[in-house]
There are 2 protein chains.
Amino acid sequence: MSTGPTDARPLQVRLADDIRIQIENGQLKPGDRLPTLDELAAAHMVSLAVVRKAIDLLKQQGLVVSQQGKGNFVRERPSARRHGIERYAKSRWRSGKAILTAEAEAQGHTAGQMMRELAEVPAPKIVAERLGISEGTPVWVRRRTTHVDGRPNQLADSYYELPVVEGTLIREENTGPGGGYARLEDAGHELDEISEEWRVRMPTGPESVALALPAGTPVVDLTRTTYDVSGRAVEVMLAVISGDMVQMAYRFKIPD
Amino acid sequence: MSTGPTDARPLQVRLADDIRIQIENGQLKPGDRLPTLDELAAAHMVSLAVVRKAIDLLKQQGLVVSQQGKGNFVRERPSARRHGIERYAKSRWRSGKAILTAEAEAQGHTAGQMMRELAEVPAPKIVAERLGISEGTPVWVRRRTTHVDGRPNQLADSYYELPVVEGTLIREENTGPGGGYARLEDAGHELDEISEEWRVRMPTGPESVALALPAGTPVVDLTRTTYDVSGRAVEVMLAVISGDMVQMAYRFKIPD
DNA sequence: GAGTGGTCTAGACCACAAA
DNA sequence: TTGTGGTCTAGACCACTCT
């Protein structure tokens, strides 16, 4: 180990740091298998439990993933898709492509989605605030899980006021060419502005399962509100996005 | 426990989920102390090690924090500061307030910063790309740790081309009224646009220490590039931001 | 079947906090 | 001094992968 006997840090931390440094300086490359737990225990003269704890720490840092029966591996970073505001360009969905697929294809990925729920529900507080209605008012929700390159990457729930989606394909599973935005325009809402608010946190247990997140992967909580030219909020989307597959980009003029 | 004997999930997971649900539905409130490890072990008839592992899972989810000698507590979420593009408003720094303090004060917080390094260094790749220079070209860097309400919240490193900061207060610890942006304008660079790129990840060990991050707290990796009216990149800032103290907001017109 | 990681137990000893 | 969480050990048994 790189540290002397006077090092007061716990064994597990020292071991984890040793391995982390080997990963950071390239001695261990993404995809490489680490020595087995037994080998690490023997090599560092510590118990198996200490080795396990050290590996746990690295998993929490998102540097290592385990595969039962195979070994521990230096994590390979999935190529993050870049999300810029250009993904909302009207020309895209007016030409019949849904935002999700248009953006993925533009970056050489494949995308798809699975509907989880299509229903009338009471508006949650955060949605009601943004739509300018009372909490609990019935609204229409589309809950879907989106996939990129076969991996789930986002749990996205879109909420609409009932009169807005009345008689539109937004109430159906398949929204037709151009997706929900195109249907909102068909219904007379010329779209104008988007507000995006982000927070970051760790996933809950169920979210980890639904998004197949490796340990040590945070999620981005996104609230997106879409406004039409009259300033009315016509859609609120709440999304939980796998943190390791996302990169956001914004460019704007410095305000006066 | 809320689950039956046929539940195949590991004990530690079931225990963690039980506690998580109690937190989510308000039976356990932020700041509340959990039962001691011994009590949980006795109540659920499992070994101490299982209880520890369950608590570990909750810590990884950012729901629980431990205090040695005191107990385990439901985590209190620090009030996240909201970061919108209005924080860059010219009127703010032209009136002599630094961005950091102006934004914090506007939201009822106190802010400060500590200089970690002020030096000439070779440009890292990510900086060089954005400044449009070759990797390794000498650049000026200001590394500082910013604090909000007494807690470190950000490791921020700003890079500048040498000619840009030549003879300015940007090379000094105290940049004077209005901060770095004001000095760039004094030097003839009228600022125009900002590009912000974010990723999210778990902190490394040293970052956890520097930002005093509780377990289960992700960080936001921000790259901010500032352009003057001629389109030249005059500053690149790389920041590592404590994920639990930040909320980002952007509002923009839908592009054509 | 052999190898490897995951779960679980029982128990010793240390570090920190509060009374 | 007592209570509480943190570190560490030794070992049993299970689940998954590969040959």
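Everything quoted here is computed from the prediction, not taken from an experiment. Convention: sequence-line order gives letters A, B, ...; per-chain numbering from 1. All values below come from the heavy atoms of this structure, side chains included, with hydrogens, waters and symmetry mates left out.
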Atom [atom1] of [X] and atom [atom2] of [Y]: how far apart are they, to the nearest 0.5 Å?
X: A:S66; Y: A:D56; atom1: OG; atom2: CG; answer: 7.5 Å
X: B:Q22; Y: B:I19; atom1: CD; atom2: CD1; answer: 7.0 Å
X: A:I23; Y: A:D32; atom1: CD1; atom2: CG; answer: 9.0 Å

Taking for each residue the nucleotide of DNA chain C with the nearest heavy atom, is it A:G71 or B:S47 whose nucleotide lies nearer the 5' end?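 Taking each residue's closest nucleotide, the earlier one in sequence belongs to A:G71.
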Does CE belonging to B:M45 count more than 12 external heavy atoms closer than 6.0 Å?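 Check fails, neighbour count at 12 or below.
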List the residues meeting side chain to side chain contact (heavy atoms under 4.5 Å, CB included) with B:E129, not counting sequence neighbours, and say none if there are none.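 Applying side chain to side chain contact (heavy atoms under 4.5 Å, CB included) to B:E129 gives B:K125.
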I need the single residue from A:R87, A:R224, A:R130 that forms a salt bridge (Lys or Arg N to Asp or Glu O under 4.0 Å) with A:E196. Which is it?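 Going through the options one by one, the only one that passes is A:R87.
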With respect to B:T145, which candidate in B:Q113, B:Q154, B:R116 satisfies the side-chain hydrogen bond (donor to acceptor under 3.5 Å, both in side chains) definition?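 Between B:T145 and the candidates, side-chain hydrogen bond (donor to acceptor under 3.5 Å, both in side chains) is satisfied uniquely by B:R116.
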On DNA chain D, compare the nucleotides closest to A:R52 and A:V13; which residue's is nearer the 5' end?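 The answer here is A:V13.
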Should the ring pair B:Y250 and A:Y250 be called parallel, tilted or perpendicular, given that the plane angle runs from 0 to 90° and is split at 30 and 60?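 Parallel: the ring planes of B:Y250 and A:Y250 meet at under 30°.
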Contact under 4.0 Å: B:N72 side-chain N or O vs D:dT4 OP1/OP2: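 For D:dT4, neither OP1 nor OP2 has a side-chain N or O of B:N72 closer than 4.0 Å.
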Nearest-Å distance for atom pair CG/C1', residues B:L37 and D:dG3: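 So the CG-C1' distance, B:L37 to D:dG3, works out to 11 Å.
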Could you give the CZ-to-P distance, from B:R33 to D:dG3, as a whole number of Å?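 Interatomic distance, CZ of B:R33 to P of D:dG3: 12 Å.
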Please list each protein N or O that sits under 3.5 Å from an N or O in nucleotides 16-19 of chain D, with the distance.
| from | atom 1 | to | atom 2 | distance (Å) |
| --- | --- | --- | --- | --- |
| D:dC18 | OP1 | A:K70 | NZ | 3.4 |

First and last nucleotide of DNA chain C in contact with chain A, 5' to 3', at under 4.0 Å to a heavy atom: what are they?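 The footprint of chain A covers C:dG3 to C:dT7.
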